[in-house]
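Report on the following structure.
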Amino acid sequence: MTDTSPPPKLALLALPERYALPGRPGSAPASVVDCHRQTGFVLAAELDAFAELMGLHLDAVSSLGKPRTPADAATLTYTSRTYALLADTCRLMTYGSYSSCLPLIRSALDCIATRRALAGADAADYEHWFASAVSRDGTATAIDLGRFHASSPLIGDPILDQLYRVISDLAMPHFGSTLLLSAPEADSVKISASFADPSFHLGWAELISGWLLDLAIVSLTLVTVENEALQSKVESAVKTAQESMTSRPRCHIEEADGRWVIQNYRRNNRGQPKRVILG
């Protein structure tokens, strides 16, 4: 028998009033408090730019009006998930949990890739799933998992293509990436590993903050903004974010001969910048 039940109604029940950068960790160890302090001082411009982009996410979602269609559902749910992942990554970065940031960034990339896919050829698949996504199974609520993974929308993207491959290597438990994250000052003479060390590291903070800005920009562009005044604010915020990443030399990753080359890698501003090859 054909199921003629109407698709579920869509409603947006809650939306944060504003985005706030992570506050000072009150009862955390001194090293975490110090990391938060140094991150806020050294990366003040980047953090302010990120906060503005995140706030504009909320404005853009609010401007969409009353959601009704499967396309609205895809925009809301994946934007929400991406927003939360970026916010949590920022919090962990300011607290020195650099290793924990990487899987969250990878998940945010997957959500962005899915949103791009659902805005194109895969839209019909989502609409078909949405029509019967939630049902009853006895006394339980049954949700069709709708398994879906799309990385192809990132291929060829001038920013996200390389970032996806870099993050995939760093987030996986590979021997070299694990060593780099646990012993960031390792060299051929000595490997000094620290156990879950939350101390500030300028190189990792610059890398992660740059990735956060890149992803926040791309995520924001995937939310339809029809309001001209809001669109003007988005364009201004994107320009400010891009300027914050080019205002001074910072740690970054390049690809050369199939290996990742980390440039300007150092613990703090007083340290000697060095190059690390990972491959």
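Quantities reported herein were computed from a predicted structural model and do not represent experimental measurements.
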From the list Val218, Leu109, Asp161, side chain to side chain contact (heavy atoms under 4.5 Å, CB included) with Leu154 holds only for Leu109

Testing the basics here: between Phe50 and Cys90, what is the closest heavy-atom pair and its distance to 0.1 Å? CE2-CB, 3.7 Å

Calculate, to the nearest 0.5 Å, the distance between atoms CG and CG belonging to Leu64 and Asp59 respectively. 11.0 Å

Would a single hydrophobic cluster contain both Ile159 and Leu215, if residues Ile, Leu, Val, Met, Phe, Trp and Tyr are joined by side-chain heavy-atom contacts under 4.5 Å? yes

About how many Å separate CG of Leu160 and OG of Ser151, when rounded to the nearest 0.5 Å? 12.0 Å

With salt bridge (charged side-chain N to carboxylate O under 4.0 Å, His left out) as the test, would you mind laying out the steps for Asp157 and Arg116 before giving the verdict? CA-CA 12 Å; Asp157 186 286; Arg116 282 187 169 179; 3.0 Å; yes

Please test Arg165 against Asp169 for salt bridge (charged side-chain N to carboxylate O under 4.0 Å, His left out), starting from the C-alpha separation and ending with a verdict. CA-CA 6 Å; Arg165 292 182 288 114; Asp169 278 340; over 6 Å; no

If hydrophobic clusters are built by linking Ile, Leu, Val, Met, Phe, Trp and Tyr wherever their side-chain heavy atoms come under 4.5 Å apart, do Tyr83 and Val238 end up in the same one? yes

Nearest atoms (heavy-atom pairs only) where Ala117 meets Ala150: CB-CB, 4.0 Å

Could you check Leu12 against Val61 for side-chain contact (heavy atoms from CB on, under 4.5 Å), going step by step and ending with a plain yes or no? CA-CA 10 Å; Leu12 177 60; Val61 170; 4.1 Å; yes

Decide whether Leu181 and Val261 are clustered together by the hydrophobic rule: side chain heavy atoms of Ile, Leu, Val, Met, Phe, Trp, Tyr closer than 4.5 Å, transitively. no

Does atom CZ (Arg136) have a neighbourhood of more than 12 heavy atoms from anything else shown, all under 6.0 Å? yes

Should the pair His201 and Tyr98 be assigned to parallel (<30°), tilted (30 to 60°) or perpendicular (>60°) ring geometry? perpendicular

Residue set satisfying side chain to side chain contact (heavy atoms under 4.5 Å, CB included) with Ala74, at least two apart, ordered chain then number -> Leu118, Tyr126

Treating Ser62 as the side-chain partner and Leu58 as the backbone partner, does any N or O pair qualify as donor plus acceptor under 3.5 Å? no

Picking from Thr89, Leu47, Leu53, Leu85, what satisfies side chain to side chain contact (heavy atoms under 4.5 Å, CB included) with Leu212? Thr89

Report the C-alpha separation of Cys101 and Met93 in whole Å, then their side-chain angles, then the decisive distance to 0.1 Å, and conclude whether the side-chain contact (heavy atoms from CB on, under 4.5 Å) test is met. CA-CA 7 Å; Cys101 292; Met93 178 192 71; 4.0 Å; yes

If I compare all heavy atoms of Pro25 with all of Val33, which pair ends up nearest, and what's the gap? O-CG2, 3.4 Å

Could you check whether any side-chain N or O of Ser232 sits under 3.5 Å from a backbone N or O of Glu228, counting only pairs where one atom can act as donor and the other as acceptor? no

Inspect the surroundings of CG in Asn269 and state if more than 12 heavy atoms from other residues, nucleotides or ligands are less than 6.0 Å away. yes

Decide yes or no on side-chain contact (heavy atoms from CB on, under 4.5 Å) for Trp260 and Glu254, but give the supporting numbers first. CA-CA 6 Å; Trp260 301 119; Glu254 302 170 351; over 6 Å; no

Rounded to the nearest 0.5 Å, the OG1 atom of Thr240 sits from the CG atom of Asp48 at a distance of 10.0 Å

Tell me whether Asp137 at atom CG has more than 12 heavy atoms from other residues, nucleotides or ligands lying less than 6.0 Å away. no

Are more than 12 heavy atoms from other residues, nucleotides or ligands located less than 6.0 Å from atom CD1 of Ile191? no

Heavy-atom nearest pair, Tyr19 first then Gly55, reads CB-N, 4.1 Å

Under 4.5 Å between side-chain heavy atoms, hopping through other hydrophobics if needed: is there a path connecting Met172 to Tyr164? no

Looking only at heavy atoms, which two atoms of Leu230 and Asn227 are closest? And how far apart? N-OD1, 2.9 Å

Find the distance between OG1 (Thr94) and CZ (Arg37) and round it off to the nearest 0.5 Å. 13.5 Å

Go through the steps for Thr39 and Cys35 under the test side-chain contact (heavy atoms from CB on, under 4.5 Å), then give the verdict. CA-CA 6 Å; Thr39 305; Cys35 181; 3.9 Å; yes

Under 3.5 Å: donor-acceptor pair, side chain of Ser31, backbone of Asp197: no

Tell me, please, which residues at least two apart from Arg115 pass side chain to side chain contact (heavy atoms under 4.5 Å, CB included). Tyr78, Thr79, Thr82, Ser219, Leu222, Val223

Any heavy-atom pair between the side chains of Tyr265 and Pro184 that's under 4.5 Å? yes

ILVMFWY cluster, Phe41 and Leu207 together (side-chain gap under 4.5 Å): yes

Just say parallel, tilted or perpendicular for the rings of Tyr95 and His36, cut-offs at 30° and 60°. tilted

Among Arg248, Arg250, Arg267, Arg266, which residue meets the salt bridge (Lys or Arg N to Asp or Glu O under 4.0 Å) test with Glu206? Arg248

Does any N or O in the side chain of Gln162 come within less than 3.5 Å of the main-chain N or O of Ile253, such that one atom is a donor and the other an acceptor? yes

For His174, look at atom NE2 and say whether over 12 heavy atoms of other residues, nucleotides or ligands are found less than 6.0 Å away. yes

Do Thr69 and Asp72 pair up side chain to side chain, a donor and an acceptor below 3.5 Å, judged on atom types alone? yes

Scanning both residues in full, the closest heavy-atom pair of Leu56 with Ala237 reads CD1-CB, 3.4 Å

CZ of Phe130 to CG of Asp144, rounded to nearest 0.5 Å, is 12.5 Å

Can you tell me how far CD1 of Ile277 sits from CD1 of Ile262, rounded to the nearest 0.5 angstrom? 10.0 Å

Sequence-distant partners of Asn268, side chain to side chain donor-acceptor pair (under 3.5 Å), two or more places apart: none

Does any non-hydrogen side-chain atom of Leu92 lie less than 4.5 Å from one of Ile208? no

Verify the neighbour count for atom NZ of Lys239: are there more than 12 heavy atoms of other residues, nucleotides or ligands below 6.0 Å? no

